[in-house]
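What follows is a short report on a single structure.
Throughout, protein chains are lettered first and strands after them, A, B, ... in sequence-line order, and every chain is numbered starting at 1.
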Amino acid sequence: MTATLPTHRGTDTAVRLTGVRKTFGQGTRAVTALDGIDLRVAPGEFVCLLGASGCGKTTVLNLIAGLDQPSAGTIELSTSRPAVMFQEAALMPWLTAARNVELPLRLAGVKKAERETRAAELLDLVRLSGAGDKRPHELSGGMRQRVALARALASALNREGDGAALLLMDEPFSALDAITRDFLQSELLRVWQATGTAVVFVTHDVREAVRLGQRVVLLSSKPGRVVQEWAVADLDAPEGALVTEEINGRLREVISSHAA
Amino acid sequence: MTATLPTHRGTDTAVRLTGVRKTFGQGTRAVTALDGIDLRVAPGEFVCLLGASGCGKTTVLNLIAGLDQPSAGTIELSTSRPAVMFQEAALMPWLTAARNVELPLRLAGVKKAERETRAAELLDLVRLSGAGDKRPHELSGGMRQRVALARALASALNREGDGAALLLMDEPFSALDAITRDFLQSELLRVWQATGTAVVFVTHDVREAVRLGQRVVLLSSKPGRVVQEWAVADLDAPEGALVTEEINGRLREVISSHAA
Amino acid sequence: SRADRGDTSAADTATDQGPAAELRLGYFPNVTHASALIGLEKGFFAKELGGTKLVPTKFNDGPTEVAAFLGGSLDAGFIGSGPAINAFAKSDGEAVRLVAGGTSAGAQLVTSADITKPEDLVGKTVVTPALGNTQDVALKKWLVDKGLKDRVQVTNRENAQTLDAFKKGEVQAAWLPEPWSSRLVLDAGAKVLLDEKELWADGKFPTTTLLVRTQYLKEHPQTVQALLRGLLTANAYAGSDSADAKLAVNKQLEALTGKGLNAAVIDRAFTSISLDTDPLAATYPRLAKDAVTAGVATEETKLNGFFDLGALNTVLKAAGKPEADAAGLDTK
Amino acid sequence: MPHEATAPVADHAVEGLDALDAPPEQPRRRTGLVRSVLAPIGALVLFVAVWQALWAAAIWPEYQLPAPIAVWDQVWKVTQTGQVWEFLWVSVHRAIIGFLISLAVATPLGLLLAKVAIVRAAIGPVISGLQSLPSVAWVPAAVLWFGTTDAAIYTVVLLGAVPSIANGLVAGIDQIPPILPRVGKVLGAGRVDAARYILLPAALPGYLAGLKQGWAFSWRSLMAAELIATSPQLGFGLGQYLHNGMSLSDMSMVMAGILLIFLVGVGIELLLFRPLERAVLRARGLSGSL
Amino acid sequence: MPHEATAPVADHAVEGLDALDAPPEQPRRRTGLVRSVLAPIGALVLFVAVWQALWAAAIWPEYQLPAPIAVWDQVWKVTQTGQVWEFLWVSVHRAIIGFLISLAVATPLGLLLAKVAIVRAAIGPVISGLQSLPSVAWVPAAVLWFGTTDAAIYTVVLLGAVPSIANGLVAGIDQIPPILPRVGKVLGAGRVDAARYILLPAALPGYLAGLKQGWAFSWRSLMAAELIATSPQLGFGLGQYLHNGMSLSDMSMVMAGILLIFLVGVGIELLLFRPLERAVLRARGLSGSL
Ligand SMILES: Nc1ncnc2c1ncn2[C@@H]1O[C@H](COP(=O)(O)OP(=O)(O)OP(=O)(O)O)[C@@H](O)[C@H]1O
Ligand SMILES: Nc1ncnc2c1ncn2[C@@H]1O[C@H](COP(=O)(O)OP(=O)(O)OP(=O)(O)O)[C@@H](O)[C@H]1O
Ligand SMILES: [Mg+2]
Ligand SMILES: [Mg+2]
């Protein structure tokens with residue numbers, strides 16, 4: 001996993017959301033999930049998105065990925081197609097784990113032999129070297145999540161000269177044990193540093209957010225709005241613990257204010 | 001949610017697994033997920049199951065629930081049908097959230113009016129009072145998980161005179177933010193104390209396991225075996241932190257020994 | 001088992017039960033079933049049947065009518081001589097009896113203008129309406145006689161299709177019953193190469209006959225006689241007032257199929273058929289033999305017992321007409 | 001305005017399927033309305049225009065390709081005389097009764113086939129084999145066994161529709177994500193409850209596809225069966241009308257018959273299956289391009 | 001031993017569908033083998049026994065219910081003379097060619113219908129309407145337009161099978177969990193790639209169900225066409241054999257014809273669709289009771 005790709009820090013933003021609103025449904029059943037989201041991610045930046053369950057994090061990622069259209073506001077991207085890891089594993093049930101990882105390479109027209117090597121490397125990275133020929137239904141929940149991670153990385157790493165790269169991840173480690181999670185966090189950081197891709201990372205684990213991110217963005221719920229941001233790059237352990245405390249407190253506030 | 005049901009501490013075990021082995025597939029593709037599992041859960045006991053991703057925790061729960069048959073060994077249950085919360089939400093896509101929660105009651109022949117009241121109470125409990133008439137695809141990942149939790153609770157609370165009750169939960173809070181998770185942990189403890197049901201609880205969060213459980217059971221992987229157990233009932237905060245440290249260390253050992 | 005019990009069918013034990021409550025009468029919407037059409041249009045059958053309810057049932061093809069006979073859901077019916085023999089043969093001489101003739105003659109081999117003698121047919125395909133039907137047997141027998149058997153192809157098509165195919169030039173020859181031979185001649189410019197009349201003594205051969213279910217015949221002979229009286233009246237009417245009879249036929253055709261034939265076709269068709277209650281029993285052994293010669297059947301059907309002309313002769317006698325002859329085929 | 005007219009039918013049908021918890025329709029967008037009314041009409045107009053052009057070019061003689069207007073005249077004629085209502089009534093009511101009986105027979109059969117391995121192994125292939133038998137092949141046998149009665153007609157229809165619906169249900173059940181029946185089991189569903197509350201609703205999209213095919217088979221088989229005979233007991237249906245056109249080799253009548261049969265097929269699709277399908281898929285968030 | 005014989009065919013078929021990444025068959029358990037061979041045979045034996053018993057009881061006269069042996073004699077006769085191979089060859093090769101053409105036409109059509117809303121609105125109902133037109137209705141028209149040639153026969157077969165396959169594919173695509181096409185999109189699949197790598201394989205279970213129905217339609221339509229259109233150019237197929245049985249009112253010949261047609265249907269099911277279906281479902285962990 002030593003692939004290095006040209007980084008594109010030339011443009012000044014990887015993503016910019018301006019006044020984005022998203023409403024699902026019509027009439028009386030309409031739900032406004034997001035309202036007036038402004039967010040800018042610099043090229044190569046690692047941004048963590050936090051918020052209560054159901055506040056609209058997934059919706060933000062979907063909008064950035066171009067899978068949904070905002071009801072209002074604009075979204076600018078410097079890349080034509082970000083790599084996405086969904087909240088569900090969403091593996092193709094008819095493909096083995098290895099073939100699932102190969103899929104983005106196949107779609108990009110990579111040759112079979114190279115595809116296979118790269119998929120094997122990525123499966124190795126997520127500690128699933130032996131499970132390449134298993135089908136999704138034969139994998140445990142955490143294994144499926146790791147295959148999805150490998151697939152997202154395959155998609156992220158396979159982009160040549162395509163603007164600033166961008167990786168969107170929706171709770172990628174939620175189904176993993178602490179040790180595997182630790183390990184994969186480091187691997188993710190390594191990949192991020194090596195490729196200089198911008199990352200938008202959704203998580204529920206505040207400590208994870210502080211550990212990984214350069215910036216933490218907190219969303220409120222119903223409707224989702226940006227409540228506060230913290231710069232958390234290069235904090236040492238005690239500082240990190242402090243910020244974590246602070247974010248947790250703010251999160252609690254936001255949730256209870258909503259519940260009230 | 002003040003339903004109290006007759007507790008059945010009369011029998012001496014809620015579940016007993018003896019020498020359980022589980023192999024998936026045949027021939028060269030055979031995978032032994034579990035090998036020689038011995039586990040006893042007393043009535044009313046709260047047992048947490050820990051282990052690396054893919055070590056066989058879900059398989060243990062499936063065997064206890066009677067959804068799979070062990071390849072060897074015996075499983076005894078004092079209840080005819082444990083309540084289960086799966087790792088995936090597994091909601092019925094054609095039913096609204098409220099109807100999903102009502103489903104176990106409907107299958108038990110509960111009257112419509114009562115069903116609706118109870119489902120509303122449970123949705124309230126998981127903080128989804130407003131989402132009762134939404135369909136699964138309109139819910140966020142965390143919301144789906146909470147509906148599944150409400151459904152499992154509906155199934156667990158609706159048992160009259162059916163041996164010792166048993167609740168199996170597979171990473172029930174993995175998709176939830178810290179605050180909601182805290183809240184639901186307390187609610188779960190309250191329900192557990194009120195009903196005296198035995199609980200087998202799978203989690204990746206060691207602190208959660210120590211906080212909730214009376215006993216923590218650690219599984220090794222490939223094949224899954226019981227490595228060690230800790231009694232963690234009624235620990236105070238520093239003791240808890242110590243045990244958490246210890247379990248984490250052991251978990252790290254188990255995983256790296258496997259990786260070696 | 002079946003063998004020990006022997007086949008004692010209900011028909012053998014049936015006894016006269018007086019007039020029936022209902023008579024289910026089968027027929028085709030076709031000129032060769034003219035007696036039936038006239039009788040129905042003019043109410044001759046209903047009048048004679050009196051209290052017996054007449055249920056006319058229109059069929060589209062012989063085999064289905066045979067199936068209805070064998071299945072017991074039809075009491076009497078006009079039908080071609082080929083299927084009639086089949087119905088008798090396939091039920092081992094049980095299910096049906098031939099009680100009267102309907103129409104005789106009315107079939108021609110028509111061809112395109114360039115075919116002027118039988119030998120011109122070599123290498124060509126001749127069409128008949130259906131395998132084993134009256135025209136099919138006649139054509140194949142004729143080919144054998146002419147020594148053309150293996151040099152001329154025979155195929156079956158629905159008459160309507162034959163007409164279109166002839167117009168398109170896909171087909172150059174067909175052996176067809178009325179009104180189709182007339183339609184080919186008048187609408188599609190075909191020429192008559194051979195009229196089947198020429199092959200039979202007196203130019204008479206059975207085209208349509210009247211079958212009755214054996215059990216019905218035994219239980220309700222009076223009803224069958226009433227039906228036959230109606231048939232005689234219809235034939236007589238056709239003989240005396242043929243213009244109106246043609247009109248009646250066309251009216252029925254229009255009611256049944258939504259469209260009548262044009263007058264010229266009806267006129268021409270009527271000249272080649274004759275409506276006669278004589279079943280022409282004497283021709284049947286030859287028909288049975290021809291079927292074997294033609295290769296349609298493997299063994300000659302035994303026709304003994306096929307005819308039951310008692311009712312017909314009673315009616316004919318009452319009308320002061322000569323009795324019909326069963327040619328010895330009325331006993332087993 | 002076929003579309004607006006369908007809404008109540010759909011709702012009603014959905015109510016009837018309340019057991020399966022199909023949802024109320026969601027509000028419809030205007031573009032959808034316009035599209036679903038205008039698009040088929042556009043397609044129709046285009047088709048007739050091409051036909052008229054071909055006919056006007058006189059490449060084929062009239063008896064091979066009648067003018068659109070000639071076909072329309074035939075339809076108009078039977079409409080004027082009111083006969084068309086008789087045909088439609090005779091055929092449609094029979095097809096619907098036949099379809100409903102098939103449904104009642106095929107649903108338990110499909111459940112058995114899908115869920116009981118031995119039944120599937122034993123008669124699964126037979127059911128598929130039956131499906132591949134042409135309806136006309138059954139006509140003589142049915143008449144022989146049941147006479148020229150409605151029973152014969154329904155036999156032919158059932159032999160066509162039952163295997164198709166049962167196979168559709170089996171396919172639908174085969175595709176259910178296995179977790180759902182497992183959930184049903186742990187929630188305490190017995191065999192019957194599992195079928196009623198889990199399998200049937202979960203298989204509903206596939207089952208509906210099977211029902212559509214089943215309806216097509218019923219209707220086709222009925223048309224074949226109506227060729228049997230016409231009598232006061234059997235009435236005069238569309239199949240007979242078509243057959244008469246054929247035996248008269250009247251192309252415009254044949255095309256009018258085809259048109260009427262086709263219109264009934266399209267009508268049932270638009271009035272019944274389309275809204276049902278739409279409601280079922282929407283409720284599951286499977287809207288696709290609907 | 002139909003079962004063992006099927007394995008290579010299945011593997012081959014799966015290879016042909018490599019594009020769709022169907023998996024190799026998994027090792028089969030002995031019980032499965034026994035069951036899938038013995039159960040249908042058991043069902044067959046039971047059926048013949050009941051038939052024989054009914055016949056022996058002589059409730060119906062021989063001409064309504066021929067003895068099993070009489071039907072068998074007919075089959076034996078055509079087998080002896082070798083004619084049966086001609087019938088089978090003529091019919092089966094035609095059905096297969098017709099089916100393959102239908103497949104090639106219906107697959108892109110189905111994709112268009114499923115994914116392009118305007119196409120669906122415009123011609124979706126037409127396709128369903130076409131499906132409900134009996135094949136017999138097309139025969140005279142096809143013969144009129146194309147003469148008694150293979151073209152006429154294939155026209156009838158296509159008109160039967162294409163709508164059915166296309167509708168099956170549409171139903172399959174409608175049921176794809178929406179997340180999968182979304183995944184395809186973010187992984188960079190264009191329209192064609194999405195169809196090839198995501199939609200078609202994801203819809204494969206439903207598509208296969210549609211193919212089964214499509215095959216049934218091809219075969220039925222072919223039989224209907226053969227029943228009506230006959231000529232020396234067209235050869236002598238099973239439909240013609242059946243038709244001759246009907247013309248001669250020979251019940252045992254009719255039943256022998258039905259039997260042969262049925263056996264081909266069952267054979268294709270057992271040799272082709274069953275193993276394919278099994279492989280596809282197994283690969284996805286949807287084994288159910290297979
Ligand atoms: N149906 C199956 N077929 C084959 N192998 C299976 C099957 N189900 C589970 N396994 C294997 O059994 C092992 C244990 O799986 P299990 O789902 O119990 O893990 P787990 O402990 O729940 O993991 P996680 O924490 O990731 O959910 C895994 O290696 C998995 O690949
Ligand atoms: N297709 C949809 N239709 C209607 N409502 C929707 C739809 N998708 C999302 N929502 C609503 O939008 C809100 C935000 O959902 P989203 O999935 O973005 O939450 P989230 O922040 O990702 O939550 P979680 O942490 O639980 O995954 C929720 O209230 C949800 O009910
Ligand atoms: Mg989310
Ligand atoms: Mg698990």
Side-chain angles (χ1 to χ4, degrees), chain B residues 58 61-68 77 79-110 112 133-139 144 147-148 150-160 162 166-170, chain D residues 10 13-27 115 117 169 172-173 175-209 276-288 290:
Chain B
T58 300
L61 292 198
N62 281 342
L63 292 174
I64 297 178
L67 293 172
D68 271 330
L77 260 80
T79 173
S80 61
R81 183 174 54 74
V84 185
M85 179 176 169
F86 292 89
Q87 191 168 5
E88 313 150 58
L91 302 179
M92 305 294 158
W94 60 93
L95 295 178
T96 60
R99 295 282 202 115
N100 262 295
V101 177
E102 281 176 42
L103 188 59
L105 306 174
R106 193 165 186 171
L107 291 170
V110 176
K112 187 161 198 287
D133 62 342
K134 294 207 175 176
R135 308 214 165 241
H137 71 270
E138 297 171 327
L139 299 176
R144 279 200 281 262
V147 176
R151 184 175 64 183
L153 289 177
S155 163
L157 294 174
N158 187 66
R159 32 190 55 251
E160 281 155 34
D162 173 28
L166 175 61
L167 176 57
L168 308 174
M169 307 184 90
D170 202 348
Chain D
V14 169
E15 253 165 54
L17 274 173
D18 177 55
L20 307 182
D21 293 293
E25 285 250 295
Q26 293 186 1
K115 280 290 142 193
L169 182 53
I173 290 181
Q175 293 174 57
I176 298 179
I179 186 81
L180 298 185
R182 289 162 79 97
V183 170
K185 200 174 161 200
V186 301
L187 294 183
R191 289 210 147 223
V192 175
D193 274 354
R196 161 125 173 54
Y197 292 112
I198 316 285
L199 294 182
L200 283 180
L204 197 55
Y207 184 42
L208 256 184
L276 252 180
E277 205 174 45
R278 194 189 282 263
V280 166
L281 292 177
R282 277 242 175 98
R284 287 153 209 243
L286 298 170
S287 356
L290 277 176

Applying a strict 4.5 Å limit to non-hydrogen atoms, the region of Leu180(D) in contact with chain B is both
Rounded to the nearest 0.5 angstrom, the CZ-CZ distance for Arg135(B) and Arg284(D) is 8.5 Å
To the nearest 0.5 Å, atom CG of Leu187(D) lies from atom CZ of Arg151(B) at 5.5 Å
Bottom line for Leu91(B): the part with an atom under 4.5 Å from chain D's heavy atoms is backbone
To the nearest 0.5 Å, atom CG of Leu168(B) lies from atom CG of Asp170(B) at 9.0 Å
Under 4.5 Å to a heavy atom of chain D? For Asp133(B) that would be neither
Bottom line for Ala108(B): the part with an atom under 4.5 Å from chain D's heavy atoms is neither
Output for pair (Met92(B) CE, Leu103(B) CG), nearest 0.5 Å, gives 5.5 Å
